[in-house]
Asks: 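To start, I am sharing the structure in question, which I have written as structure tokens.
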There are 2 protein chains.
Amino acid sequence: MRKCIISLSAALILAASCVEKAPVLDETLLSSPDGTLTLRFGLSTSGRPYYALNRGAEDVILPSALGFDLVDGSSLKEGFAVVGVVRDSLDETWTPVWGEEERIRNHYNEALVSLRDSLGNAMDLRFRLYDDGLGFRYEFPQENRLVYFKIREELTLFALTGDHTAWWVPGDYDSQEYNFKECRLSEISRYCEKMRIHNASQEGFSPWGVQTALQMKTDSGLYLNIHEAAVLDYPTANLLYDPARKTFQIHLTPDAEGVKGRLQAPCKTPWRTVMVCPRATDVLASRLILNLNEPCALEDVSWIHPVKYVGVWWEMITGKTKWSYTDDYPSVQLGVTDYAASTPHGKHGANNENVRRYIDFAAENGFDAVLVEGWNEGWEDWFGKQKDFVFDFLTPYPDFDLPALNAYAHSKGVRLVMHHESSSSTLNYERWMERAYTLMDQYGYDAVKSGYVGDIIPYGEHHYSQPLINHYHYAIVEAAKHHIMVNAHEAVRPTGLCRTYPNMIGNESAMGTEFRARINPGHTTILPFTRLQGGPMDYTPGIFEQDMSITAPGQSGKMHHTICNQLGLYVTFYSPLQMAADLPENYARFPDAFQFIKDVAVDWDKSLYLLAEPGKVIVTARHPKLSTLNASAESLSRLKDGRKDVICGAARFVYALPEGAHTLQGATPRDVWYVGAVGGAEEQEVSFRLDFLTPGVQYEATVYADAPEADYETAPQAYTITREIVDETKAYTLRIARGGGFAISLREIL
Amino acid sequence: MRKCIISLSAALILAASCVEKAPVLDETLLSSPDGTLTLRFGLSTSGRPYYALNRGAEDVILPSALGFDLVDGSSLKEGFAVVGVVRDSLDETWTPVWGEEERIRNHYNEALVSLRDSLGNAMDLRFRLYDDGLGFRYEFPQENRLVYFKIREELTLFALTGDHTAWWVPGDYDSQEYNFKECRLSEISRYCEKMRIHNASQEGFSPWGVQTALQMKTDSGLYLNIHEAAVLDYPTANLLYDPARKTFQIHLTPDAEGVKGRLQAPCKTPWRTVMVCPRATDVLASRLILNLNEPCALEDVSWIHPVKYVGVWWEMITGKTKWSYTDDYPSVQLGVTDYAASTPHGKHGANNENVRRYIDFAAENGFDAVLVEGWNEGWEDWFGKQKDFVFDFLTPYPDFDLPALNAYAHSKGVRLVMHHESSSSTLNYERWMERAYTLMDQYGYDAVKSGYVGDIIPYGEHHYSQPLINHYHYAIVEAAKHHIMVNAHEAVRPTGLCRTYPNMIGNESAMGTEFRARINPGHTTILPFTRLQGGPMDYTPGIFEQDMSITAPGQSGKMHHTICNQLGLYVTFYSPLQMAADLPENYARFPDAFQFIKDVAVDWDKSLYLLAEPGKVIVTARHPKLSTLNASAESLSRLKDGRKDVICGAARFVYALPEGAHTLQGATPRDVWYVGAVGGAEEQEVSFRLDFLTPGVQYEATVYADAPEADYETAPQAYTITREIVDETKAYTLRIARGGGFAISLREIL
């Protein structure tokens, strides 16, 4: 009897979702390839599955229950028996189409644990253990009592060992556009509500709810990161903290009927991931999320390329010009409103003359493309109305000559980037998508920035509910058929899907530059630990003029960064799609600093994370990947060897031409590195060495640094540019101002 | 003070939504063209708009309040002043692309009453008064405080003068597939709940809720009909009865967020209609609903034509064969499941051999087309799962050779009718629609039967909520671009939109033949008063074998009609799309009765409603419209003049050829009429005259009548066929069996 009582109480404890000492039947052990991490899997005496994770002798995740409650009132959380364990391992190296390094190692040990209950429910758990983290997912085989089933909640727990420090944004079904908060886990609820931006359709989220990816640090100095990988046909997760038990539980985004996932066996959930790193830089170097995604699904990727671009955009964001064309009407109706007969308000940014000015600017400065927003009819009442037929994505305003502007751009070696703001009316967007992509084909657009601002249509859905996850995926897959690259804003945070669909070259899905003065200093030192783990972000860096009243007279607000902080972002933020977001006229005021933006590459074969601490600093060094040899612009800088450089390809590889040469014949490639740094709210000095340079080779280093007086509040535009010859023995100690940063360009002296 | 008190109480009474003696400020009077009907419009002292309707001295609709409650908590129901009344009238005649008569007169007097309140809300009421009824709608002009607004409920009332007899189906957001109930209004709640078919996503509808169209009869003998016209971009209405006040109030279908209409000024609601007829036959002859719709929106209608068809369908409905192909899997995944490698279960109806058999049958018997359901992958788990990607509408099963079968059909002068069952996954249907229509173009399909079985995706939406109304409309408009005719099943009941979009050649949207033994006798005598007011129904008549166990051995159930009832339907039910729904082998057993189905036209230039009473009987006479002269089949019947007849065109116009002639050269058109009758649950005799025939002309009448012993229960297949020469002096008295009917074919003797 006593044994039975113990088992019952143990089951109750586990039913309460976390046990420190669960009496277990059998435990399955799995070690990571080098033995650093150990996973335990077992069943409680009530047949409830749990897992636990150790790093050496140190507990990382305490025994944590797994399972589901289903909408029909049943559950998948007890009464299971293990009917099989299949072990496997992989050590492969794969080549991304674009990325932070040329080759990525995917090295794990795997256990597939098959669970069955007496009702015939079949649920497998697949664990992949890497040396820097764990991924696991649920799989539902076809031979199953479960065929179609609906999730009420996923019960996956993450039981933590202490009151860790965390960097987090509030839980939300619709927006990720938050500043991060650093605090102890036990303090989350103290800040959560007041942080919430009420621009989303959801209200009343738990004050203990945070979003993935969640970065934590233990008092012992371990960096833990909880995230998701390969979220497809399943809602995106939040994490609800229980301060009494020190657990996070998955909290999925509900659909319009409150269902948190509709599954059809055979199927699998996304991966749940726990990254475990002794150093913060290891988090940045981890490829766990990408590795857990499927290999590239596209046969032909030759049309996918990195893009460095400018845009008719910041002038709208700042209020200097507008997306809209007229103030004549309180509302407009596409196909009915006669724009040609309306009175232009005179501030329409996407007009022929202005767009030509940006095309000229892009061509002169070696940018690949020009984004133009506000080119199409409908911007007069696009926002906040839940308007169904809000845009057709086809019809330009009268002052935007779509064929002529594309022809003009192409004549200068520049492409226009299409813009599809859906206004979150995704039904309407899907109706027009094929025609919209076909229009792009017709005029030579090969990239689109899509947007999902506002409340979702279908009504009652959320940005992160399963139907929307499927919509974003549909948009990517259909775009690939047209050889179109997609950069979706306000869509769900990516979870490594760019490995599988590399035409997904960008996403916003976090608070980016458009938030201007609301962005806290240090924000960009946290994003690479969190948002960027799932894929690149179109952060739109490069704002040289922090004072909005100068960029757009009559506006106000000052951004919290120095010019060198913005330069540093081009290296610390990996993205194959990088914008120089400020106005041409602002860059014209700082041509020497702008030179770094022109020079820096956007695709890399090596990346080194020299220093990092979330909220404080990131220093990263990267080496460009040799790309196709389409010389796109002549660099204005000359090295001491007197040879003229040509920047080649989207990756900005550098060829040095002999004096007088005008072709690449006889050109010599220079070895090139870039170093970038961004800081936080405090002034600091950082020290690092250039020991990654090729030994014995001399490089000209151009150092763009915060000037001694630089400070985001008092002197945000103060910088110094210095040049010197360095080699691999060089050590730097550089000051980073409050909200500051630096950038270094290194070119081999031939 | 006293005056004020009176006003207040009057306002309260009107706020209670119905007044008999409201103290009004000004009343606007409108008379119908011949003065039969009179409309009064006024405002209560609180500024609440109301209307009332009289027929001569007889009250029809007592003063009934108008207005809206809005989602933001405000309302549009009080505080209004009349700022203008614009009167207008129209007397035009228009020609439908297809219909019950060649020319339709649209003759009304109109008043547009402009209302404004002190907040700046602008709401106009447009009343159109015909001699047989009223249409009115709300209009919201652009100059308005209202720009975007959401309806909580439309408050339109219909205050009745007594406890009328009504023919109704229960209120529902998702299904119209009900038998009708005849009872007094005060008895509705006694029957409503038990009538409800719980196959829909909605539950808990008011037991006083009924659907439009609602047919009523007053004790004074007036036939009243409340309906809607031109429901576009607005939810479809139910009507909630208040037995205490004898009022119906509009109860709109909510969307997934509970909103009952999202409007953007300038805009208008659908028409609310009240038909007022002294005779039941006048209801059938009324063109009120069509007239209130907009004229044809399609420039080219040359590709739209009536269709008489057979189909690989009834054998699936009865269970003789199946839509699906294999039983191998508990669920299937399109693009993943390998059908070619699966085991066929052997009962797949849409196989090449069987489809060829139907094509042969159609060609031999002069049908235009063959519907084939179950031709495409996905039918194994299509129903009841809310499965998103349920069909692609492109991929045939391995045993359905789409190109070859179309080629075979075309070689015999027959077309296949496409079938798109969306399973109510409308998101998925829209994703594939363009490709699906393009496939149809490619292989020569020009008509599609679409289906909306099951719960709607987007989740939380209903078949009759605004987003779905927009979906059905989108499907029609996109189809028109491909010159495709649409026959939507389970879509919303039509409201006259076929005037504007005549490619909408059919709809189900009521309980049709597929319900088999559940259909009450007399059902088809009510549908022309209700469902058919909004447009034709693909009822799929022509079932000669009532006993399901004979059609599909192992099945059970006996339908409640005689063979002659089914023949009568081809005349009493107007539809440009008519099916001969039974199996070829069942028709082979009754070739003489089948002859009527082969002969009867489907498009008309004159229609006469000889006798009618809902629930009891309808006798209709129709004259075919001369259509294009494509001889489609040779009639097997010969008249006494010995000349061979050729049935021409979709309208089955008859040409008599001289003996020995083989072309239409020298052919003489015969004047042709068809008479049809359907009865109810009681045996009856009906008498009528042929005084509509051309005077002095002799006709051969072929009378298909219930045999003396015929009865839907005891002798459903007993019929007599008699021939005689008649002229316009002929009077008939014919017996109609229980569940019976008759049909008469009249051909001029040359």
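Lettering follows sequence order; numbering is per chain, from 1. Side-chain atoms are counted along with the backbone in the values below, which use heavy atoms only and exclude waters and symmetry mates.
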Asks: Can you tell which part of D233(B) gets under 4.5 Å to a heavy atom of chain A, answering side chain, backbone, both or neither?
Replies: neither

Asks: Tell me if a side-chain donor or acceptor on E430(B) pairs with a main-chain N or O of R431(A) at a distance below 3.5 Å.
Replies: no

Asks: Can you find a pair of side-chain heavy atoms, one from Q142(B) and one from P330(A), that are under 4.5 Å apart?
Replies: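 In contact.
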
Asks: To the nearest 0.5 Å, tell me how far L427(A) CG sits from N470(B) CG.
Replies: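 Atom-to-atom, L427(A):CG and N470(B):CG are 9.5 Å apart.
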
Asks: K385(A), R262(A), Q386(A): which one forms the most heavy-atom pairs within less than 4.5 Å of chain B?
Replies: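 Between K385(A), R262(A), Q386(A), the count favours R262(A).
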
Asks: Could you check D381(B) against Y148(A) for side chain to side chain contact (heavy atoms under 4.5 Å, CB included), going step by step and ending with a plain yes or no?
Replies: CA-CA 10 Å; D381(B) 62 354; Y148(A) 287 91; 2.2 Å; yes

Asks: Which of the residues E434(B), Q333(B), M433(B) is involved in the greatest number of heavy-atom pairs with chain A at under 4.5 angstrom?
Replies: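 The option with the most such pairs is Q333(B).
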
Asks: Under 4.5 Å heavy-atom distance to chain B, tell me which part of E478(A) shows up: side chain, backbone, both or neither.
Replies: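 When you check distances to chain B, only side chain atoms of E478(A) fall under 4.5 Å.
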
Asks: Counting only heavy atoms from other residues, nucleotides and ligands, does the tally under 6.0 Å from CD of Q442(B) exceed 12?
Replies: yes

Asks: Are the side chain of E257(B) and the backbone of Y459(A) linked by a donor-acceptor contact shorter than 3.5 Å?
Replies: no

Asks: Check each atom of D388(B) against the heavy atoms of chain A and say whether the ones under 4.5 Å are side chain, backbone, both or neither.
Replies: side chain

Asks: Examine whether an atom of R435(B) lies under 4.5 Å from a heavy atom of chain A, and if so say whether it belongs to the side chain, the backbone or both; otherwise answer neither.
Replies: side chain

Asks: Examine whether an atom of Y474(A) lies under 4.5 Å from a heavy atom of chain B, and if so say whether it belongs to the side chain, the backbone or both; otherwise answer neither.
Replies: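 Just the side chain, heavy atoms under 4.5 Å.
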
Asks: May I ask you to decide if Q264(B)'s main-chain N or O and S331(A)'s side chain share a donor-acceptor pair within less than 3.5 Å?
Replies: no

